[in-house]
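Encoded as structure tokens, the structure appears first; notes follow it.
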Number of protein chains: 2
Amino acid sequence: MTPPRKMVSEERGKSRPGLTREAIIAAALEIVDEEGLEALSMRHLGSVLKVDPMAIYYHIPNKSALLDGLIEAVMGEIDLSLDDPSLPASERIVLAAHIYRDVMMAHPQAVQVIAINNLNTRESFRPVEYLMDIFLGAGFSPHRALAAVNIFGRFVRGFVLFEVHQIFAEEAAACHGCAPTESLQQLLPVEEFPRMNEVMASVGALGTVDEFDLGIRALVDGMFATFYEDEDQMSVNEDQT
Amino acid sequence: MTPPRKMVSEERGKSRPGLTREAIIAAALEIVDEEGLEALSMRHLGSVLKVDPMAIYYHIPNKSALLDGLIEAVMGEIDLSLDDPSLPASERIVLAAHIYRDVMMAHPQAVQVIAINNLNTRESFRPVEYLMDIFLGAGFSPHRALAAVNIFGRFVRGFVLFEVHQIFAEEAAACHGCAPTESLQQLLPVEEFPRMNEVMASVGALGTVDEFDLGIRALVDGMFATFYEDEDQMSVNEDQT
DNA sequence: TTGACTTATTCTACATCGTAGATTAATCTT
DNA sequence: AAGATTAATCTACGATGTAGAATAAGTCAA
């Protein structure tokens, strides 16, 4: 019932092309990219693959595993060779953040899957290992390096997640024929929200890339400035191994 | 068909108790808290309220609006009086982050709704206004204050989102009878992931509160250190209004 | 060639979901 | 009392994920 670890037909003669895990995931990613996440149903996926929806279940245990596959595919697009080891560590971290973000922004519709789920596969952990190496190489203690990697990952994924959410929301609002920020302005009366109105009056929409860069630089700077002090206070909560 | 702006029976004598938007949302939040987000179906909600599922639709246009209501309810739990205006601005920001996080962590099952969706209601924007006031009061330009608020919000929501995801994942793993990190260790072979193994060997699970504090302090420090320089470079991308 | 075994796909069916539309019951207004 | 509003119910539809049985296609020993 469940797929075997190795396909016999794949090892020797390849008489059966048929369905593949990879082909399924590729098709799924294409659907998500082009039609949105909510369009990814097993039935639709089956029709794209010109196959009975149930055929997919021979190669993939359930839909959640399919989504894991999507994450794996996108994470696999991360190109670590874009890194430049001659740069100072903090710059490499910032660069890594941008690489990470770019890959995700290339699949905006898939971001809510990529960003939300935890990493499950070896492939997905390779960039983490790479990042960990940078932090440790920069002199972070294992404690701090782990915290830094977690914080980094959460910042980037969280930021991108909300970035695309905001983009979609603005698109939806614009689609209804009204200016993007207009609805916000009429939602927030001046007397109750003076500061918001003050800011909205003097500032247009900010480029999100700049915002991201600003944020990640602040975070990285802060981490490099802070993480070398007060190491001792953290060794309190050690649990198992 | 759609609910009226003001209930007549609410203005004068209150003969009809019946269903209320608030009661519905409260019940929904209770379901989510106790049984998880996936348990929140209109039918189940109706049965809890001892009412036909369709009755809900008189008070709430659709399920997505119900989720908005959840967000509103939780955001409403934010107690701004916990702030201490005598503290330095950067400390107030850190404190605000903890307050925000605590409220969300009080409803871990609702976090993926709260954290993911954009803010829609006046109520939800009150803390934003408050925060904006702190940043502006600290001397941030409107540009920078807006960026700072966005970055802050994304950091906190993103962090908490992944925090609870990790907690749920660990619970699920522990439930199957295996130690939390064990599965990770066997997923990541030493030869391919030396750094990860190095860190996992010397460091146990880190307390997430500490990690959060570390992260938000790094971010805030970084923002306060960075945001006063290079103001000019940002005035490039002004769009409408 | 033949028959058994394995692998891959299809068919049928079910429970559950959100919710549109028509209907009925309860209350307020006149 | 009669009509109008407001609120809750009933019925039904299409879509979803997927369990389970049935079927086709390919491999291999005899």
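Here is the naming used below: chain letters follow the sequence lines, and residue numbers restart at 1 for every chain.
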Quiz prompt | Euclidean distance, atom CG of residue Leu19(A) to atom P of dA8(C) [Å, nearest integer] | solution = 10 Å

Quiz item: Within 45° of the six-membered ring axis of Phe162(A) and under 6.0 Å from that ring's centre, is NZ or CZ of Arg157(B) located there?
Solution: yes

Quiz item: Taking only residues two or more places apart in sequence or in another chain, which ones pass side chain to side chain contact (heavy atoms under 4.5 Å, CB included) with Val51(B)?
Solution: Leu19(B), Leu49(B), Ala55(B)

Pairwise N/O distances under 3.5 Å, protein to nucleotides 9-14 of chain D:
| residue | atom | partner | partner atom | Å |
| --- | --- | --- | --- | --- |
| dT9(D) | OP2 | Asp52(B) | N | 2.6 |

Quiz item: Base, sugar-phosphate, or nothing: which does Leu40(A) touch, judged by heavy atoms less than 4.0 Å apart?
Solution: sugar-phosphate

Quiz item: What residues, two or more places apart in sequence or in another chain, satisfy ring pair (Phe, Tyr, Trp, His ring centres under 6.0 Å) together with Phe135(B)?
Solution: Phe140(B)

Self-check item: Spacing of Ile60(B) atom CD1 relative to dT19(C) atom P, expressed in whole Å
Solution: 11 Å

Self-check item: Under the side chain to side chain contact (heavy atoms under 4.5 Å, CB included) test, residues paired with Asn197(A) that sit two or more places apart
Solution: Leu188(A), Val190(A), Phe193(A), Met200(A)

Quiz item: Does Ser41(B) put a side-chain nitrogen or oxygen below 4.0 Å from OP1 or OP2 of dT16(C)?
Solution: no

Self-check item: Any Tyr58(A) side-chain nitrogen or oxygen under 4.0 Å from OP1 or OP2 of dA8(C)
Solution: yes

Self-check item: Short side-chain N/O contact to dT18(D) OP1/OP2 from Tyr57(A), under 4.0 Å
Solution: yes

Quiz item: What integer distance in Å separates Lys63(A):NZ from dG17(D):C1'?
Solution: 8 Å

Practice problem: List in chain and number order the residues that pass side chain to side chain donor-acceptor pair (under 3.5 Å) with Glu72(A), two or more places apart in sequence or in another chain; answer none if no residue qualifies. | Solution: Arg21(A)

Quiz item: In whole angstrom, what separates Leu45(A)'s CG from dT18(D)'s C1'?
Solution: 14 Å

Quiz item: Got a sec, which residues hit side chain to side chain contact (heavy atoms under 4.5 Å, CB included) with Val128(A), two or more places apart in sequence or on another chain?
Solution: Leu119(A), Phe125(A), Val149(A), Met196(B)

Quiz item: What orientation do His98(B) and Phe212(B) show, parallel under 30°, tilted 30 to 60°, or perpendicular over 60°?
Solution: perpendicular

Pairs of donor and acceptor atoms involving the side chains of residues 73-80 of chain A, under 3.5 Å and at least two apart or interchain, shall be tabulated with distances.
| residue | atom | partner | partner atom | Å |
| --- | --- | --- | --- | --- |
| Glu77(A) | OE1 | His107(A) | NE2 | 3.0 |
| Glu77(A) | OE2 | His107(A) | NE2 | 3.1 |
| Asp79(A) | OD1 | Ser81(A) | N | 3.1 |
| Asp79(A) | OD1 | Ser81(A) | OG | 2.7 |
| Asp79(A) | OD2 | Ser81(A) | OG | 3.2 |

Quiz item: By side chain to side chain contact (heavy atoms under 4.5 Å, CB included), which residues pair with Ser41(B), not counting sequence neighbours?
Solution: Arg43(B), His44(B)

Self-check item: Residues from residues 30-39 of chain A lying under 4.0 Å of DNA chain C - heavy atoms
Solution: none

Quiz item: Roughly how many Å is it from NE2 in His44(A) to P in dT16(D), rounded to a whole number?
Solution: 10 Å

Quiz item: Is the distance from OP1 or OP2 of dA8(D) to the nearest side-chain N or O of His59(B) less than 4.0 Å?
Solution: yes

